[in-house]
Participant: 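First, the structure itself, so that you have it in front of you.
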Amino acid sequence: MRETLGAKSFKIVTIVLLTLFTVVPLYVMVTTAMKPLGDVQNNFTWIPTNITFQPFIDMWSTVPLAKYFVNSLVVCTVATVFSLIIATFAAYGVSRWNFRGKSTFTTAVLSTQMFPGVLFLLPLFLIFTNLGNALGIQLVGSWLGLIITYLTFTLPFSIWMLSGYFETIPRELDEAAMVDGSGPMGALFRVILPSARPGLVAVGIYSFMTAWGEVLFASVMTNGDGQLLANGLQQYSTQTNVYWNQIMAASLVVSIPVVVAFLIVQRQFVAGLTAGAVK
């Protein structure tokens, strides 16, 4: 069926608008990061007159950004690894065995994504405080509490996405592995996981991006030397000044890990999303 001129024009206009919606903020970030602070605080100009890369140098000394960068990298990596491990076992059980309450469990897991994260801030804070008082484990103001918090966000969707991907893998592969002498865990590690690599990549990228871009809980659950990038970017705003050019420069730098990771595994990421979305 031939596409009409109106439909083609609508697609072109939509693509142009979406491109502008993405490119214009990025352009403003880049140009602001290359302006002196005085130019940024004056009237906005689309084309910078005085280009400088000094904000990219000063941002490391104004705020201990390198320390916060390493802290975020450690916390997000650990949260991603645990999310992958737990979601893999849970999704394998959901996709391969029928048990009472299976549909209720999957519905409850997915329904948690309907609620905003701020709704869980006070309950989690109270739970961590009470656990700390009862067990002597410091959860508030520690990386452990923040990692557990990130798992509450990433696990539900990770389980749902991986279980959908595991459903696309024929059960005959499990049966063939068991005929060769492997148990359920052997079939999982030797057959299912190698076949589910795109799904695992998609879940890993999703978990890492969710933790990397989180601000609210990182600001509440950490303090002192354990703070993350979310806290570091806020420190460019002081009582006397706001270093907008350094904020934009730092924002560009901290985006590099996620962008690089996505570019490296983009094919597997898209394959994992599309395969896991259809059962």
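What you see is a predicted model, and the numbers here were worked out from it, not measured in a lab.
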Participant: Less than 4.5 Å apart, side chain to side chain, heavy atoms only: is that true for Val78 and Trp143?
Facilitator: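 They are not in contact (no side-chain heavy atoms under 4.5 Å apart), so the answer is no.
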Participant: Decide whether Ser207 and Ser83 meet the rule of one side-chain donor and one side-chain acceptor closer than 3.5 Å.
Facilitator: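 Yes, because at least one side-chain N or O of Ser207 sits under 3.5 Å from a partner of the opposite role on Ser83.
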Participant: Ignoring hydrogens and angles, tell me if any N or O in the side chain of Lys35 forms a donor-acceptor pair with the backbone of Thr49 under 3.5 Å.
Facilitator: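 Flag not set: sc Lys35 to bb Thr49 has no pair under 3.5 Å.
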Participant: Arg96 versus Ile192: any side-chain heavy-atom pair under 4.5 Å?
Facilitator: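 They are in side-chain contact.
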Participant: Measuring from atom CG of Leu37 to atom OH of Tyr243, what distance do you get when rounded to the nearest 0.5 angstrom?
Facilitator: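 Between atom CG of Leu37 and atom OH of Tyr243 there are 7.5 Å.
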Participant: Around atom CZ of Phe10, are there more than 12 heavy atoms of other residues, nucleotides or ligands at under 6.0 Å?
Facilitator: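 No, because the 6.0 Å sphere around CZ of Phe10 holds 12 heavy atoms or fewer from other groups.
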Participant: So among Val16, Val23, Leu18, which one has a side chain to side chain contact (heavy atoms under 4.5 Å, CB included) with Leu20?
Facilitator: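 In the set Val16, Val23, Leu18, the residue that makes a side chain to side chain contact (heavy atoms under 4.5 Å, CB included) with Leu20 is Val16.
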Participant: Side-chain contact, heavy-atom cut-off 4.5 Å: Asn133 with Phe128?
Facilitator: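 In short, these two side chains do not touch, never coming nearer than 4.5 Å.
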Participant: Is Ile47 linked to Val24 within one hydrophobic cluster, defined over Ile, Leu, Val, Met, Phe, Trp and Tyr using a side-chain heavy-atom separation of less than 4.5 Å?
Facilitator: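 Yes, one cluster joins them.
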Participant: Hey, can you tell me if Trp97 and Tyr92 have their rings parallel, tilted or perpendicular (30° and 60° cut-offs)?
Facilitator: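 It falls in the perpendicular class, over 60°.
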Participant: Out of curiosity, does Val30 fall in the hydrophobic cluster containing Ile51 (side-chain heavy atoms, cut-off under 4.5 Å, transitive links)?
Facilitator: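 Yes: a chain of side-chain contacts under 4.5 Å links Ile51 to Val30.
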Participant: Less than 4.5 Å apart, side chain to side chain, heavy atoms only: is that true for Lys8 and Ile12?
Facilitator: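 Side chain of Lys8 against side chain of Ile12, heavy atoms only: contact under 4.5 Å found.
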Participant: Decide whether Trp244 and Phe53 are clustered together by the hydrophobic rule: side chain heavy atoms of Ile, Leu, Val, Met, Phe, Trp, Tyr closer than 4.5 Å, transitively.
Facilitator: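 Yes; Phe53 is reachable from Trp244 via cluster members.
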Participant: How about Phe120: does its CZ atom have over 12 heavy atoms from other parts shown lying under 6.0 Å from it?
Facilitator: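 Enclosed: over 12 neighbouring heavy atoms sit under 6.0 Å from CZ of Phe120.
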Participant: Would Phe217 and Phe153 count as a ring-ring contact (aromatic ring centres under 6.0 Å, His included) if you check the C-alpha gap in whole Å, the side-chain angles of each, and the deciding distance to 0.1 Å?
Facilitator: CA-CA 11 Å; Phe217 286 89; Phe153 298 148; 5.0 Å; yes
Participant: Atom CG in Asp58, atom CD in Gln246: separation rounded to 0.5 Å?
Facilitator: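 Separation between the atoms: 5.0 Å.
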Participant: Taking all atoms of both residues into account, what is the closest heavy-atom pair of Pro123 and Leu119, and its distance?
Facilitator: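 Minimum heavy-atom contact is CD-O, 3.4 Å.
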Participant: Could you tell me whether the side chain of Trp212 reaches within less than 4.5 Å of the side chain of Leu73, counting heavy atoms only?
Facilitator: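 They are in side-chain contact.
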Participant: Is there a side-chain contact (heavy atoms from CB on, under 4.5 Å) between Tyr236 and Val242? Walk through the geometry before answering.
Facilitator: CA-CA 6 Å; Tyr236 287 104; Val242 179; over 6 Å; no
Participant: Within the 3.5 Å criterion, strictly below it, is a donor on Gln54 or Asn245 matched to an acceptor on the partner's side chain?
Facilitator: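 No.
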Participant: Run the side-chain contact (heavy atoms from CB on, under 4.5 Å) check on Phe166 and Val94 step by step: do they pass?
Facilitator: CA-CA 9 Å; Phe166 285 164; Val94 170; over 6 Å; no
Participant: Show your reasoning for whether side-chain contact (heavy atoms from CB on, under 4.5 Å) applies to Val220 and Phe125.
Facilitator: CA-CA 9 Å; Val220 175; Phe125 185 84; 4.2 Å; yes
Participant: Might you point out which heavy atoms bring Pro194 and Phe189 nearest each other, and give the distance in Å?
Facilitator: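 Looks like CD-O, 3.5 Å.
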Participant: Rounded to the nearest 0.5 Å, how far apart are OG1 of Thr62 and CD1 of Ile57?
Facilitator: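 The distance works out to 11.5 Å.
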Participant: Look up atom CG in Leu146 and atom CG in Asn71, then write down how far apart they are to the nearest 0.5 Å.
Facilitator: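 Interatomic distance, Leu146 CG to Asn71 CG, rounded to 0.5 Å: 10.5 Å.
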Participant: Given side chains that start at C-beta, do those of Pro55 and Met34 come closer than 4.5 Å, heavy atoms only?
Facilitator: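 They are not in side-chain contact.
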Participant: Looking at Asn50, Thr52, Thr32, which hits side chain to side chain donor-acceptor pair (under 3.5 Å) with Asp39?
Facilitator: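 Exactly one pass, corresponding to Asn50.
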Participant: Search all heavy atoms of Ala79 against all heavy atoms of Leu151 and return the closest pair with its distance.
Facilitator: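 Heavy-atom minimum between the residues: O-CD2, 3.5 Å.
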Participant: Heavy atoms only: give me the nearest Ala91-Ile159 pair and the separation to one decimal.
Facilitator: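 Heavy-atom minimum between the residues: CB-O, 3.7 Å.
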Participant: Taking the side chain as C-beta and beyond, is there a heavy-atom pair between Ile205 and Thr80 under 4.5 Å?
Facilitator: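 No, their side chains stay 4.5 Å or more apart.
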Participant: Start with the C-alpha gap between Leu162 and Leu200, add the side-chain angles, then the distance that decides, and say whether side-chain contact (heavy atoms from CB on, under 4.5 Å) holds.
Facilitator: CA-CA 7 Å; Leu162 265 185; Leu200 295 173; 3.9 Å; yes
Participant: Honestly curious: do Ile148 and Val215 fall in one hydrophobic cluster under the side-chain, below-4.5 Å linking rule?
Facilitator: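 Different hydrophobic clusters.
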Participant: Nearest 0.5 Å, please: how far is OG1 in Thr152 from CD1 in Ile147?
Facilitator: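 Taking CD1 in Ile147 and OG1 in Thr152, the distance rounds to 12.5 Å.
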Participant: Transitively linked via ILVMFWY side-chain contacts under 4.5 Å: Val259 with Phe21?
Facilitator: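 Looking at the clustering, Phe21 is in a separate group from Val259.
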Participant: Grab the two heavy atoms, one from Tyr165 and one from Ser195, that are nearest each other, plus how far apart they are.
Facilitator: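 Shortest heavy-atom contact: OH-O, 3.6 Å.
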Participant: Roughly how far apart are Ser237 OG and Ile247 CD1, rounded to 0.5 Å?
Facilitator: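 Here the interatomic distance stands at 6.0 Å.
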Participant: Taking side chain as C-beta onward, heavy atoms only, is Val203 less than 4.5 Å from Thr154?
Facilitator: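 Side-chain contact under 4.5 Å: no.
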Participant: Please name the pair of heavy atoms, one in Met29 and one in Ser251, separated by the smallest distance, quoted to 0.1 Å.
Facilitator: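 Scanning both residues, the minimum pair turns out to be CE-CB, 3.5 Å.
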Participant: Can a donor-acceptor pair be found, under 3.5 Å and without considering hydrogens, that links the side chain of Asn42 to the backbone of Gly38?
Facilitator: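 The answer is yes, because a donor-acceptor pair under 3.5 Å joins these two groups.
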